[in-house]
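The block underneath contains the structure these notes are about, expressed in structure tokens.
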2 protein chains.
Amino acid sequence: MARPRTFDEERALDAAMRAFWANGYEATSTQDLCEATGLGRSSIYNTFTSKHDLFRRALARYIDLMSVPQAEILEDAGRSGMERIRALFTRIVDTEYEYREDDGTSIGCLTVNTVVELARRDPEAAALIERDLDIRLGLLRVALDAGRRDGTITNRRDADALARFVNATIGGMRVSAQAGADRATLESIADTALDALRP
Amino acid sequence: MARPRTFDEERALDAAMRAFWANGYEATSTQDLCEATGLGRSSIYNTFTSKHDLFRRALARYIDLMSVPQAEILEDAGRSGMERIRALFTRIVDTEYEYREDDGTSIGCLTVNTVVELARRDPEAAALIERDLDIRLGLLRVALDAGRRDGTITNRRDADALARFVNATIGGMRVSAQAGADRATLESIADTALDALRP
DNA sequence: CAAATTTTGTACTGACCTGTCCAATACTTC
DNA sequence: GAAGTATTGGACAGGTCAGTACAAAATTTG
């Protein structure tokens, strides 16, 4: 029927996601996006409509990419509640190191970066993140309730409070990593946070 | 000798700080800075050399402004160690609400915002923040050691680990606030974090 | 009051920004 | 192989960016 694309849309989206993730929304120009994806301007605008739309899709993809394995961990019936939270923290640290820049510096978490840089001015991004937060808190409550039942989590605060605390701890780990904290420090923060769950 | 300035440099710096704080470095144009400070371009460039220099001074001022009362709290010999950490958390929540936008949304913490948006690309800003972090961690260790001695802090991890945990918790609270958490949620996160100090 | 000096407003510069346009290209289907 | 159609590259457009130039204004000192 017509000339087909010579690029893979998903790969391009991944490259754009990575660019926004590492450099932020404002500091990533459309030229940067062309170079990161290997596409020309026409292909980018033809496929993704606008920089803002591309960002929205990149953020949505990031959220999907991260939330699936995290949900698996938090719903893993083979682990105690406490072990699920611990495994989640471990995964946060691992991904934090999996996706660093070549110079070894942390690029943090696109969700956190977007909350801080953009969410106040971008209702669409804020909505994506808010929905993800609701889901994430729900999954955390599942694991925390399981821990309460299996006896590994003895803190008497309600599951919602604990879930928000765990979530905040993850945010704090992300910021600490971007501020230069090494692996041992991040693990130490996580371990200390776990202390709060069995006081 | 010559024509004097009609504006107060410190007030202008405060206004610029506020603009960077609320909108980030990239999204704040020099035009925005003129409007925020009430100065013309000439006055801004004459006084502050460049946008980047102005930002550096604004960040330094922010750090000074915040660290002084926080140091007072953490070194307050009239309080137990645990009470000092609790008071610090309270102060974080209070300032979080003292400096909101007119629409009620949080502008977070300029230090956290800068770590996330800029620090990887701006060594000067990163250095300012790193120095502040060292001081902050030192002050936290002072309070935590005091708590260990007075019996209010019983967690057996070393003071550095606890200090980094408390610091990360503050970062997490800041991110949570920008993601929309209300006062009760922030207080709940802080209270849960305190549980970790006496497990 | 005049000279010296700094501030201030305005216009300007060149670069870069996002997004569009269009012709050339390449592929599919008939 | 021809017709039709979507993709592609590159030039282009209008606006905004940080920063500069310069002359007019304002104030102090002599």
Side-chain angles (χ1 to χ4, degrees), chain A residues 1-59 113-114 117-118 121-125, chain B residues 1-60 110 113-114 117-125:
Chain A
M1 196 108 103
R3 181 178 179 181
R5 283 182 182 156
T6 58
F7 66 92
D8 180 44
E9 184 170 326
E10 203 166 74
R11 289 177 73 87
L13 186 55
D14 278 344
M17 176 189 81
R18 173 77 195 203
F20 283 128
W21 187 0
N23 304 313
Y25 179 78
E26 302 286 355
T28 304
S29 69
T30 53
Q31 184 58 35
D32 294 334
L33 292 166
C34 290
E35 285 160 23
T37 59
L39 308 191
R41 305 182 74 70
S42 292
S43 300
I44 287 202
Y45 276 91
N46 193 26
T47 312
F48 301 107
T49 308
S50 69
K51 177 183 171 181
H52 183 260
D53 250 52
L54 175 50
F55 177 77
R56 203 176 42 70
R57 286 196 54 186
L59 176 60
N113 298 358
T114 303
E117 189 200 344
L118 205 63
R121 277 173 287 137
D122 184 339
E124 284 192 62
Chain B
M1 194 102 112
R3 181 177 177 180
R5 283 181 182 156
T6 58
F7 66 91
D8 180 44
E9 185 170 326
E10 203 166 74
R11 289 177 75 87
L13 186 55
D14 278 344
M17 176 189 81
R18 174 76 194 204
F20 283 127
W21 187 0
N23 303 314
Y25 179 78
E26 302 287 353
T28 304
S29 68
T30 52
Q31 184 58 36
D32 293 334
L33 291 166
C34 290
E35 284 159 24
T37 59
L39 308 190
R41 302 182 77 69
S42 293
S43 300
I44 287 203
Y45 277 91
N46 193 26
T47 312
F48 301 107
T49 309
S50 70
K51 178 184 172 182
H52 182 261
D53 250 52
L54 175 51
F55 177 77
R56 201 176 42 70
R57 286 195 54 185
L59 176 59
L110 180 56
N113 298 358
T114 303
E117 188 200 345
L118 206 63
R120 252 197 43 251
R121 278 173 288 135
D122 184 339
E124 284 192 62

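We name chains A, B, ... by the order of the sequence lines, and we start the count at 1 in each one. Computed from a predicted structure; not experimentally measured.
- Judged by atom type and distance alone, A/R41 does not reach the base of D/dG9 through any side-chain donor-acceptor pair under 3.5 Å.
- If you measure from atom CD of A/Q31 to atom C1' of D/dT16, you get 17 Å, rounded to the nearest angstrom.
- B/F7 comes within contact range of the sugar-phosphate backbone alone, with a heavy-atom separation under 4.0 Å but no base atom that close.
- A/D32 places its CG atom 13 Å from the C1' atom of C/dT18, with the value rounded to the nearest Å.
- The closest side-chain heavy-atom distance from B/F20 to B/N113 is not below 4.5 Å.
- Nucleotide D/dG19 holds its P atom 14 Å from the CG atom of B/N46, rounded to whole Å.
- Within the nucleic acid shown, B/T28 comes within 4.0 Å of sugar-phosphate atoms alone, with no base atom in reach, counting heavy atoms only.
- The interatomic distance linking B/E9 (CD) with C/dT6 (C1') rounds to 14 Å, in whole Å.
- B/S43 has a side-chain polar atom (N or O) that falls below the 4.0 Å cut-off from OP1 or OP2 of C/dT8.
- When the nucleotides C/dT8, D/dC17, C/dG19 are ranked by their closest atom to the side chain of B/R5, C/dT8 comes out on top.
- A/T6 has a side-chain polar atom (N or O) that falls below the 4.0 Å cut-off from OP1 or OP2 of D/dT8.
- Only one option out of A/F48, A/W21, A/Y25 pairs with A/F55 in a ring-ring contact (aromatic ring centres under 6.0 Å, His included); it is A/Y25.
- One donor-acceptor pair, N or O on each side, does fall under 3.5 Å between the base of D/dG9 and the side chain of A/S42.
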